[in-house]
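Shown next, in C-alpha cells, is the structure this report addresses.
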Amino acid sequence: VTEDLEHVLRRTLSDRAATAGEWRAAGAELRQRAATRTARRRHVGTLAASALAVVALLLAVVGLERGYRVPAPAVPRPTPTSERGGGSALQVQVPDEVVDDITNRLALGDAALTATTRLPRSRDIAMLFVSDQRAATPSRLVASTVTYDGATARPGSLVWVADSDPVVALPVRDQAQDMLFVLAADWPEGEVEVTTAEPGQRPRTQFAPLEDGLAVVPVPGPQVVTGLRVLGPESDRAEEYAQIPGGGLLPEDVPRWLPQIAAWSGTGSQQSVQVRTDGATACRFTVNGRVEHAMSWNLFDQACAPVDGRLRLLLADDRQYSSVTGLAPDDATSVRLRWGDGSVTEVPVTPAPPYAFVDTSGRRPDQLIAAEALNQRGDVLATERP
Amino acid sequence: VDELVTTEAAQRRGTEARDGVAPSFDAFVAAHGAALQRTAYLLTGDHGAAEDLVQDTLVRAWSAWARVTRADQPLAYVRRMLVNASISRWRTLSRRRLRERLTDRPPELPVLDPPGVDAQLWLLVGRLPARQRVVVVLSYYEDLSESEVADLLGIAIGTVKSQRAKALRSLRASLAEEEL
C-alpha cells in the first residue's frame, strides 16, 4: 500500500456515499407511518411497561390460542416455497400480505419478521417476530413466535431480548412435539447444544446444527430446558454463549446457566415450581406450563440463594399466591413447615445434592412461621424463618 | 372493526396534536434525508437496507420529535439514532429479506468495479465488525473528531481510538495480503 490508508479510506467512502441513491421519502409519508405505528402500539398496550402488562398480553395471546384463519392473498402470488439450500427447512419465505395480516390480527404492532422455519412434523411455518420496545427502561426488544399452517396462524410464546443478546430461543409446538426455535445472530454456522433436566435424572445434552443462524431442536417440554449453548464452527469454538431460554426476564445477578432441576412440583401440563441450580447457586422459578405453549418460561419473581449446605428458604415476593421452596442441609431428609394457624406440614427433601424441597400442600408462604430441617431420626438440624 | 376505529382515532388525535410542528419535521427530512441515506449506505453496504434504516430512523425521530428539537443539534441526535439502529444485530436480521417483495423493476445491473485499492477497501470495510465500521465511517466520512464519535456512540474516547486502530490494522493487513 503505497498511498496513505487513511487518505484512501476518505476517498473511497466519499465515492461510495455518492452512489447511495436518490432520497425519495417525504416528511408527510414518514409522519403517516409513525402515526400508524403509534396507534398500533397504543392498541397493543405498553407491553414492556410492567410485568402486569405482560401478563395482560399473555391473556390476550391465550384468548387467541386457537388461532384464526388468514385470508388468502387477494392476487396470485408466487408460491411461498422458495427455501434456501435446495430443500432446507430454514428461512421459508412468506407472502407480505400474510405477514401483514398476522401482525395486524395478533396485535404485534411494528414487529418485524426476523426468521422463519419449516417445522419437521407438521410442515407448518414457525415465524419469529422481533419488535422494538425502546420506550421501555432499559430499552429492549420482544421476540415472539407464530405458527402458520398455510391457512391458520397461531400465536406462540414470547421473551424479552436485549439488543446485545446474541441468542433468542423460544418454544414452538410441532404437533405433539415441543421444539426449541433458536436464532443465533452471530453464528450462521455451528451447533446448538441444548441441556434438558428432569427431576431425579441427570441433565442430558443434545446437539443440532445451525443453518444460517437457525436451529430447531426437539425437546421433551419447554419447562425442562435448562440451558442453551451456541458453539461456533470449529475455528471459532471458543465463542460460546449460554443462557436459560427466556433469561432476558432475569435480573443480572441470576446465573444464566442452571443446568439441573433439583426439585419441582406439578406436571408438564400444569404450572410448576422448580428449584434449578448450577451447583453454586439455586433459584426458584415458576414455570407456566398451564398455558400450553405461551410464556413457557415465566421467570418473574424468582428467588436465589447460595448452595452452602445450610437451610435456605427460596420464597417468591408474591407470598400470597406462590409456594414454599428451599434448600436443606446435607443430612436433612425432610423439612417441617410451621404455619400461623398452628398446623405443620412435612416436606421430603430430594435424596441427591443439592438437597432441595418444594412444598406442594398449596399453603401460602405469607402464613409460614418457620421451617425446620429434620434428619432421619427427626432431630432438628436447622431452623429458618421467612 | 373496533381495532380499526381505535387505530384511526388515535392516528387522527396524534396528527391533529402535532400539525403545528410537522413543517419543521418535513423540512428536516427534506434537508437531511439524502445525507442520512449516504451515511446509512456506508454503514450497511446495501441500498435497500440503507433506505429502510433511514426511513425507520426518521419514523422514530418523528415519534420523539419534541425531544429531537430540544437537542442542541437535532441532526446529530438523529444521526445517533441511525448509527445505534445500524449496530443492533436484531434489527440487522430483520432487514434480511425474508418476505417476498414483488417488483416491476428489474434488478439493478451489477456494477463492475475497476480493480484497485478503492474497490478492495470498500469490500473490506463491509467485513469489519459493526462497531469498527461505524467508527471508520464517522471518522473518515463524517469527519467527526474522536470526542464527537465517542459522544455519539456513548463510549469512551479510548475505545474510539482502539476500535479505529483495530479497523485500520485489519484493513492494512488484508490489503497487504491481497498485495495491493
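Because the structure is a prediction, the values reported are computed rather than measured. Each chain gets a letter, A, B and so on, in the order its sequence line appears, and its residues count up from 1.
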Check each atom of [X] against the heavy atoms of chain A and say whether the ones under 4.5 Å are side chain, backbone, both or neither.
X	result
B:Leu42	side chain
B:Val125	side chain
B:Ala30	neither

Could you tell me the separation between the [atom1] atom of [X] and the [atom2] atom of [Y], rounded to the nearest 0.5 Å?
X	Y	atom1	atom2	result
A:Leu30	B:Phe28	CG	CZ	11.5 Å
B:Asp118	A:Arg11	CG	CZ	4.0 Å
A:Arg24	B:Glu51	CZ	CD	4.5 Å

Min side-chain heavy-atom separation B:Leu175-A:Leu5 under 4.5 Å: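 Yes, at least one pair of side-chain atoms sits under 4.5 Å.
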
Given side chains that start at C-beta, do those of B:Val29 and A:Arg31 come closer than 4.5 Å, heavy atoms only?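 They are not in contact (no side-chain heavy atoms under 4.5 Å apart), so the answer is no.
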
Among B:Gln55, B:His32, B:Arg38, find the one that has a side chain to side chain contact (heavy atoms under 4.5 Å, CB included) with A:Trp23.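 Checked B:Gln55, B:His32, B:Arg38 against A:Trp23; only one passes side chain to side chain contact (heavy atoms under 4.5 Å, CB included): B:Gln55.
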
So which of A:Ala26, A:Ala18, A:Ala143, A:Gly21 has the biggest tally of heavy-atom pairs under 4.5 Å with chain B?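 Option with the top pair count is A:Gly21.
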
Under 3.5 Å, side chain of B:Gln37 to main-chain N/O of A:Glu22, donor-acceptor pair present?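 Between the backbone of A:Glu22 and the side chain of B:Gln37 there is a qualifying donor-acceptor contact (under 3.5 Å).
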
How close do B:Phe25 and A:Gly27 get, counting heavy atoms only, and between which atoms?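 Heavy-atom minimum between the residues: CE2-O, 3.5 Å.
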
Residues of residues 137-150 of chain B with any heavy atom under 4.5 Å of a heavy atom in chain A: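 Only B:Val137, B:Ser139, B:Tyr140, B:Tyr141, B:Asp143 of residues 137-150 of chain B have a heavy atom under 4.5 Å from chain A.
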
